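Presented below is the structure to which this report refers.
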Amino acid sequence: MDVSERRKDRTVSETGSHDGAGTGAEGGAVRGEARGTAPVPLSVLDLVTVGDGSTASASLATSVELSRLAERRGYHRHWVAEHHSMPGVASSSPAVILAHLAAHTRRVRLGSGGVMLPNHAPLVIAEQFGTLEALAPGRIDLGLGRAPGTDGATAAALRRTDRLNEGADDFPEQLSELTRFLDDAFPDGHPYARIHAVPGPVQGPKGRPPVWLLGSSGFSARLAGLLGLPFAFAHHFSARNTVPALDLYRSSFRPSAVLDAPYALIGVAALAADEEAEARRQVLTGAVSMLRLRTGRPGLVPTPGDAEAAARGFTPAEREFVDDWLGNIVHGTPDRVRTGLDELQKRTGADELMITANAHGGAARLRSYELIADAYGLPELD
């Protein structure tokens with residue numbers, strides 16, 4: 001059967017019917033497994049933060065250690081987020097980082113949390129993640145967002161246009177194009193019918209990464225529901241919108257070849273330490289870093305000492321911002337973090353919790369994930 005005949009036989013949908021995507025009641029590669037006493041699967045969201053006095057190389061080495069830890073302690077997946085022009089973040093190229101993590105792990109799922117689709121040609125993403133799937137078959141997730149992951153000027157440089165609303169407005173069309181490239185499923189007569197994303201189906205039957213939609217508001221929640229795709233919500237920086245967005249996702253959901261019921265994870269900022277005061281010191285570094293970013297003073301993540309010194313000079317408005325930010329981070333001793341995560345999962349009904357632990361140093365982040373795993377009795381896997 002030639003390529004055109006295979007296309008005629010293939011049912012084309014926005015979600016894409018494909019092997020390994022998590023079809024039917026089981027959810028396959030989409031649905032995770034709760035381990036220990038955790039109410040739902042636990043996963044890792046990695047921003048590859050760079051602390052003052054450290055380097056991107058050191059932060060990327062920490063990401064490798066984190067991925068190995070996640071695999072050893074039964075975390076379900078490890079996602080890397082796309083950000084640009086932020087000195088304190090080294091995750092501008094998720095596909096490159098994921099290839100490196102894949103070479104150092106063998107079991108944990110790896111993915112983007114997410115790739116910002118309007119920043120890239122759909123064919124490029126299809127080929128990058130087709131390559132990742134070939135490198136780590138059955139372990140790759142493709143999470144997609146429609147925000148730029150940066151400021152407007154940087155987004156214009158990425159997209160080579162100042163029409164920044166165009167990408168977001170065209171997101172459903174871009175998603176459809178990407179899915180067709182992933183499935184090699186453009187119909188005869190389409191301008192791209194003779195173009196193939198490689199590695200990909202044109203080279204023979206294979207699985208491909210399941211597509212997730214990411215969001216911090218209702219747009220992607222509704223779209224994910226209508227397309228029957230799994231949905232990831234950014235609770236860690238949009239907590240007020242979490243429950244409304246998840247309700248919208250569930251009420252909009254239509255069964256698809258990917259899922260027959262909704263599946264939603266939420267990104268959660270959480271950090272555990274052996275002592276309450278130490279956890280507070282660590283999360284303050286991320287809060288001060290975010291304050292500086294939001295006020296046009298981006299930089300490396302400050303040390304705990306520098307963050308505490310900065311806090312002593314806060315204006316009332318700065319204090320309010322930081323207190324509000326810290327109020328959305330589950331932090332403290334392991335038991336306190338476990339209680340906070342349990343309460344959040346119960347309140348939101350999330351099917352999975354994806355934990356991001358932002359702090360100045362890699363050691364504090366790694367220790368936090370280990371302590372949370374211990375608090376839930378996650379098994380030590382071979």
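In this text, all values refer to a predicted model and were calculated from it rather than measured experimentally.
Considering only heavy atoms from C-beta on, Glu127 comes within 4.5 Å of Val198 through its side chain. Contact of the Trp212 side chain with the Val30 side chain is registered, since non-hydrogen atoms from C-beta on lie closer than 4.5 Å. Under the 4.5 Å side-chain criterion, counting only non-hydrogen atoms from C-beta, Asp52 is not in contact with Pro302. The shortest distance between side-chain heavy atoms of Leu293 and Met86 falls below 4.5 Å. Contact check for Leu98 versus Val80: side-chain heavy atoms found under the 4.5 Å cut-off. Contact annotation: the side chain of Leu175 approaches that of Leu213 to within less than 4.5 Å [non-hydrogen atoms, C-beta and beyond]. The closest side-chain heavy-atom distance from Leu182 to Val211 is below 4.5 Å. Contact annotation: the side chain of Lys346 never approaches that of Pro39 to less than 4.5 Å [non-hydrogen atoms, C-beta and beyond].
For the pair Arg180 and Pro187, the tightest heavy-atom approach, listed with the atom from each and the gap, is NH1-CD, 3.3 Å. Minimum interatomic distance between Asn328 and Ala239 (heavy atoms only, all atoms of both residues): OD1-CB, 3.1 Å. Taking both residues in full, the closest heavy atoms of Pro122 and Leu178 are given as O-CD1, 3.3 Å, listed atom of the first, atom of the second, then distance. Across all non-hydrogen atoms, the minimal contact from Phe181 to Ala126 is CB-CB, 3.7 Å. Nearest heavy-atom pair, Ser63 versus Leu101, reported as atom, atom and distance to 0.1 Å: O-CD2, 3.6 Å. Nearest heavy atoms, Tyr75 versus Tyr369: OH-O, 2.6 Å.
Checking side-chain atoms of Ser220 against main-chain N and O of Gly215 turns up no donor-acceptor pair under 3.5 Å. In this structure a side-chain-to-backbone donor-acceptor pair under 3.5 Å is missing from Ser368 to Ala364. A donor-acceptor pair is defined here as one N or O able to donate and one able to accept, closer than 3.5 Å; such a pair exists between the side chain of Thr285 and the backbone of His360. Put simply, the side chain of Gln203 gets close to the backbone of Gly200: a donor and an acceptor are under 3.5 Å apart. Between the side chain of Ser91 and the backbone N or O of Ala81, at least one donor-acceptor pair lies under 3.5 Å. A donor-acceptor contact shorter than 3.5 Å links the side chain of Arg107 to the backbone of Glu71. Using modelled atom types, one side-chain atom of Glu318 and one backbone atom of Thr315 make a donor-acceptor pair closer than 3.5 Å. Under a 3.5 Å cut-off, the side chain of Ser252 and the backbone N or O of Leu248 do form a donor-acceptor pair.
Taking CG from Leu344 and CD1 from Ile266, the interatomic distance works out to 4.0 Å, rounded to the nearest 0.5 Å. Distance check, rounded to the nearest 0.5 Å: CG of Leu214 to CG of Leu265 gives 7.5 Å. Taken from CG in Leu353 to OH in Tyr376, the straight-line distance is 7.0 Å, to the nearest 0.5 Å. For the atom pair CD of Glu276 and CZ of Arg281, the computed distance is 14.0 Å after rounding to the nearest 0.5 Å. To the nearest 0.5 Å, the span separating OG1 on Thr55 from CG on Leu60 amounts to 8.5 Å. With values rounded to the nearest 0.5 angstrom, Gln282 atom CD is found 11.0 Å from Asn358 atom CG.
In the hydrophobic clustering of ILVMFWY residues, with side-chain heavy atoms under 4.5 Å counting as a link, Val48 and Met354 come out together. Val40 and Leu378 end up in the same hydrophobic cluster when Ile, Leu, Val, Met, Phe, Trp and Tyr side chains are linked at under 4.5 Å. Val268 and Leu371 fall into different hydrophobic clusters, where Ile, Leu, Val, Met, Phe, Trp and Tyr side chains are chained together by heavy-atom contacts under 4.5 Å. The hydrophobic clustering, which links ILVMFWY residues whose side-chain heavy atoms are closer than 4.5 Å, places Val64 and Val96 apart. Side-chain heavy atoms closer than 4.5 Å link hydrophobic residues (I, L, V, M, F, W, Y) into clusters, and following such links, even through other members, never connects Val301 to Trp325.
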Output, in order, the C-alpha distance, side-chain angles, deciding distance and verdict of side-chain contact (heavy atoms from CB on, under 4.5 Å) for Phe253 and Tyr263. CA-CA 10 Å; Phe253 188 84; Tyr263 190 88; over 6 Å; no

Before you tell me yes or no, could you show the steps for Arg347 and Thr242 under side-chain contact (heavy atoms from CB on, under 4.5 Å), namely the whole-Å CA-CA distance, both residues' side-chain angles and the distance that decides it to 0.1 Å? CA-CA 10 Å; Arg347 179 167 62 85; Thr242 303; 5.9 Å; no

Could you please spell out the steps behind the side-chain contact (heavy atoms from CB on, under 4.5 Å) verdict for Leu326 and Arg280? CA-CA 9 Å; Leu326 292 175; Arg280 175 76 180 191; 3.4 Å; yes

Begin with the C-alpha distance, continue with both residues' side-chain angles, and end with the deciding distance and a verdict on side-chain contact (heavy atoms from CB on, under 4.5 Å) for Leu366 and Leu66. CA-CA 6 Å; Leu366 293 167; Leu66 177 54; 3.9 Å; yes

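Around the CZ atom of Arg35, the shell of radius 6.0 Å holds more than 12 heavy atoms that belong to other residues, nucleotides or ligands. Within 6.0 Å of atom CZ in Arg254, 12 or fewer heavy atoms from other residues, nucleotides or ligands are found, so the atom counts as exposed in its surroundings. Within 6.0 Å of atom CZ in Arg240, 12 or fewer heavy atoms from other residues, nucleotides or ligands are found, so the atom counts as exposed in its surroundings. Environment of CD in Glu380: crowded, with over 12 heavy atoms of neighbouring residues, nucleotides or ligands closer than 6.0 Å.
Each of Arg367, Arg73, Arg338 was scored for a salt bridge (Lys or Arg N to Asp or Glu O under 4.0 Å) with Asp374, with one residue passing: Arg73.
Note on Arg208 versus Asp184: no salt bridge recorded, every NZ/NE/NH1/NH2 to OD/OE distance being 4.0 Å or above. Between Arg72 and Glu65 no salt bridge is recorded (no basic side-chain N to carboxylate O distance below 4.0 Å).
Note on ring orientation: taking the six-membered ring where Trp is involved, the planes of Tyr192 and Phe186 are perpendicular (angle over 60°, cut-offs 30° and 60°). Relative orientation of the His84 and His120 rings is tilted, given thresholds of 30° and 60° on the angle between their planes. Between Phe231 and Phe233, the two ring planes are tilted [angle within 30° to 60°].
Residues in residues 128-145 take part in these side chain to side chain donor-acceptor pair (under 3.5 Å) pairs, two or more places apart or across chains: Arg77-Asp141, Trp79-Asp141, Thr105-Arg139, Arg109-Asp141.
No hydrogens or angles considered: nothing links the side chains of Glu82 and Ser112 as a donor-acceptor pair under 3.5 Å.
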